[in-house]
Trainee: 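One structure is given below, represented as structure tokens, and several questions about it will come after.
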Amino acid sequence: MPASRGAVIATLAVIVPLALATLAALVWLWPGDSAGAVPEAGPAPERVTGTIAAITLKPCQEEPPPDGQTPGQQPMPDPATCGDAAVELTGGPQQGESITVALPSGPGAQVFSAGDDIVLLHTPGDEKLGASPYQISDHDRSLPLGLLGAAFALAVIAFGRWRGVSALAGLAITFVLLLMFVIPAILEGHQPLLVAVVGAAAIMLTVLYLTHGFSVRTSMAVMGTLLSLSLTGVLALAAIGIAHLNGITDESSFNLDMSLQINTQGLLLASIIIGSLGVLDDVTVTQAVTVAELAHANPGYSVRQLYRAGARVGRAHIASVINTIILAYAGASLPLLLLISVGRQPLGEIVNTPVIVQEIVRSVVGTIGLIAAVPITTALAAFTATRRAAGTDHHETGHDESGHDRHVPRSARHRRTGYGRARGNGELTRGP
């Protein structure tokens, strides 16, 4: 059903200035060549790849305890991590040669086996000190990650077809903007909140239109996302101020604040906005599509009828998404929850810790923005869908629920009843 002229003009009047402002902000904030340059204490070790040919295990030796601990308090390393590994280098300056390096040991060390592909750190100059220039760093996960990525792409394309291809292209654009704009611009010293808003707007405009096409329906999802995201940002700013959060809850944020002088409070705001965007566009697109399909199936629906029907779908969607958000946060924070449980602290003390308060603020603010997205997007989509229905041809008079006359498209009435009038004899014939 084509959009009315008024709906198209009103949509363009909002979307075009928004797109131009986002493009101008991207150009203004785009990081330079020196963006993200982190001062280093010395030359960084070179990462090379290799394959473990054989492992020779040895008895583990107990290391001297740190200051303040008595012998026996330090956990013993896993016996499978004590020994040497014969490694065939598959990369680096000595590619093709075989070397022998010590296995990484100690609490939390990974277990390696013969045949494992690994990553080693090569530090030239250590051989002058009598130490091996190579050190085992980690497993090489390039192959399993490649297989998982290929399986993901095939599943998306097999189900979504060309829509799946456009979704993958949108995902690639999201990663490009995050890695080449958002992160370098923050490291360059720009305000994290401003960078996050511009980056989120660029991702929203590019990905939604690329994935769902240029239409009034998609534009309603864009506007609903923009308004809900703005509300989320305002609520996050107020909640962080009321809760006196500075964004420093772990070693990573502490190092960013100390070494790079990054505004960690602004970084927390940026993370809330970017994190909310992923769920918001899911809800807004669903609502816009739902209302459009309802209007297509029932062109005689009024704005109120479309809104109420779409809101019922939205409430069911929100109920399941809220549970999804909480489970996602709980799964990501499971080690922290276990540590808290072992510590046996009172619940009041646990909830009052900065790391827990930060996650509560993130969850509550994101959920409120998500709830607001349903009525906002549903109302926008219902208004434009009703305008489209009102602009269709071949109307005929019917009666609404109150008994008043109203115009109903002939094709719509036939779709609802399943009958049409045969040409010439006035008999009703079963329609398709």
Side-chain angles (χ1 to χ4, degrees), residues 15 19 22 26 117 139-183 196 198-226 228-229 232 270-294 296-297 310 313-314 316-332 334 366-367 369-370 373-374 377-378 381:
I15 296 300
T22 301
L26 271 176
D117 294 326
H139 287 89
D140 184 6
R141 302 180 180 90
S142 302
L143 180 59
L145 284 178
L147 293 175
L148 286 174
F152 168 74
L154 288 175
V156 171
I157 294 174
F159 182 77
R161 300 183 181 179
W162 284 112
R163 184 64 61 86
V165 173
S166 61
L168 292 177
L171 182 62
I173 292 174
T174 299
F175 276 109
V176 168
L177 286 173
L178 288 176
L179 298 178
M180 297 187 65
F181 170 71
V182 174
I183 294 176
V198 175
I203 291 171
M204 174 185 64
L205 289 169
T206 306
V207 173
L208 288 184
Y209 281 116
L210 177 63
T211 305
H212 303 285
F214 292 88
S215 64
V216 173
R217 179 179 62 187
T218 305
S219 298
M220 294 305 102
V222 169
M223 284 192 260
T225 303
L226 175 65
S228 304
L229 203 60
T232 301
S271 67
I272 293 175
I273 289 176
I274 293 177
S276 301
L277 177 63
V279 188
L280 278 176
D281 61 15
D282 172 30
V283 172
T284 55
V285 168
T286 300
Q287 289 306 112
V289 171
T290 298
V291 172
E293 292 300 320
L294 287 171
H296 180 73
V313 176
H317 193 189
I318 287 296
S320 60
V321 168
I322 289 175
N323 193 45
T324 301
I325 293 175
I326 299 303
L327 288 178
Y329 280 124
L334 193 56
T367 302
L370 200 63
V374 171
T377 309
T378 305

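Since the model is a prediction, treat every value here as computed from it, not as a measurement. Quick note: numbers below take in every heavy atom, side chains included, and nothing from hydrogens, waters or symmetry partners. Position 1 is the first residue of the sequence, and the numbers go up from there.
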Trainee: Are the side chains of Ile15 and Phe214 in contact, using a 4.5 Å heavy-atom criterion?
Mentor: no

Trainee: What is the minimum heavy-atom distance between Ala373 and Ser228, and which atoms define it?
Mentor: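 Heavy-atom minimum between the residues: CA-OG, 3.0 Å.
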
Trainee: Between Thr377 and Ala288, is there a donor-acceptor pair closer than 3.5 Å when you use the side chain of the first and the backbone of the second?
Mentor: no

Trainee: Rounded to the nearest 0.5 Å, what separates atom OG1 in Thr225 from atom CE in Met223?
Mentor: 10.5 Å

Trainee: Using the rule given for side chain to side chain contact (heavy atoms under 4.5 Å, CB included), can you reason through Ile273 versus Thr232, listing the C-alpha separation, both sets of side-chain angles and the distance that settles it, and then say yes or no?
Mentor: CA-CA 7 Å; Ile273 289 176; Thr232 301; 5.5 Å; no

Trainee: Between Asp281 and Met204, is there a side-chain heavy-atom distance shorter than 4.5 Å?
Mentor: no

Trainee: Minimum heavy-atom separation for Val291 and Gly310, please, with both atom names.
Mentor: CG2-CA, 4.3 Å

Trainee: Hey, could you give me the OG/CG distance between Ser219 and Leu226, rounded to the nearest 0.5 Å?
Mentor: 12.0 Å

Trainee: Let me see the working for Ile203 and Ile274 under side chain to side chain contact (heavy atoms under 4.5 Å, CB included), right down to the final yes or no.
Mentor: CA-CA 10 Å; Ile203 291 171; Ile274 293 177; 5.8 Å; no

Trainee: How far does OG1 of Thr174 sit from CG of Leu179, to the nearest 0.5 angstrom?
Mentor: 10.5 Å

Trainee: How many angstroms lie between CG in Asp140 and CG in Leu145, if you round to the nearest 0.5 Å?
Mentor: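 Taking CG in Asp140 and CG in Leu145, the distance rounds to 9.0 Å.
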
Trainee: May I have the step-by-step check of side chain to side chain contact (heavy atoms under 4.5 Å, CB included) for Val374 and His317, ending in yes or no?
Mentor: CA-CA 9 Å; Val374 171; His317 193 189; over 6 Å; no

Trainee: Can you give me the closest heavy-atom contact between Ala169 and Leu210, atom names plus distance?
Mentor: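 In terms of heavy atoms, the two residues are closest at CB-CD2, 3.8 Å.
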
Trainee: Please name the pair of heavy atoms, one in Leu26 and one in Ala202, separated by the smallest distance, quoted to 0.1 Å.
Mentor: CD1-CB, 3.8 Å

Trainee: Please walk me through it: do Leu370 and Ser276 pass side chain to side chain contact (heavy atoms under 4.5 Å, CB included)?
Mentor: CA-CA 8 Å; Leu370 200 63; Ser276 301; over 6 Å; no

Trainee: With a 3.5 Å distance limit and no angle check, can you tell me whether Arg163 reaches the backbone of Thr211 through a side-chain donor-acceptor pair?
Mentor: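 Yes: the side chain of Arg163 pairs with the backbone of Thr211.
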
Trainee: Can you name the nearest heavy-atom pair linking Leu229 to Ala200, along with the distance?
Mentor: CD2-CB, 3.9 Å

Trainee: Kindly compute the distance separating CG (Leu148) from CZ (Arg141), expressed to the nearest 0.5 Å.
Mentor: 12.0 Å

Trainee: So which atom in Ala201 and which in Thr22 form the shortest heavy-atom distance, rounded to 0.1 Å?
Mentor: CB-OG1, 3.7 Å

Trainee: Hey, could you give me the CD1/CG distance between Ile173 and Leu168, rounded to the nearest 0.5 Å?
Mentor: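 Atom-to-atom, Ile173:CD1 and Leu168:CG are 11.5 Å apart.
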
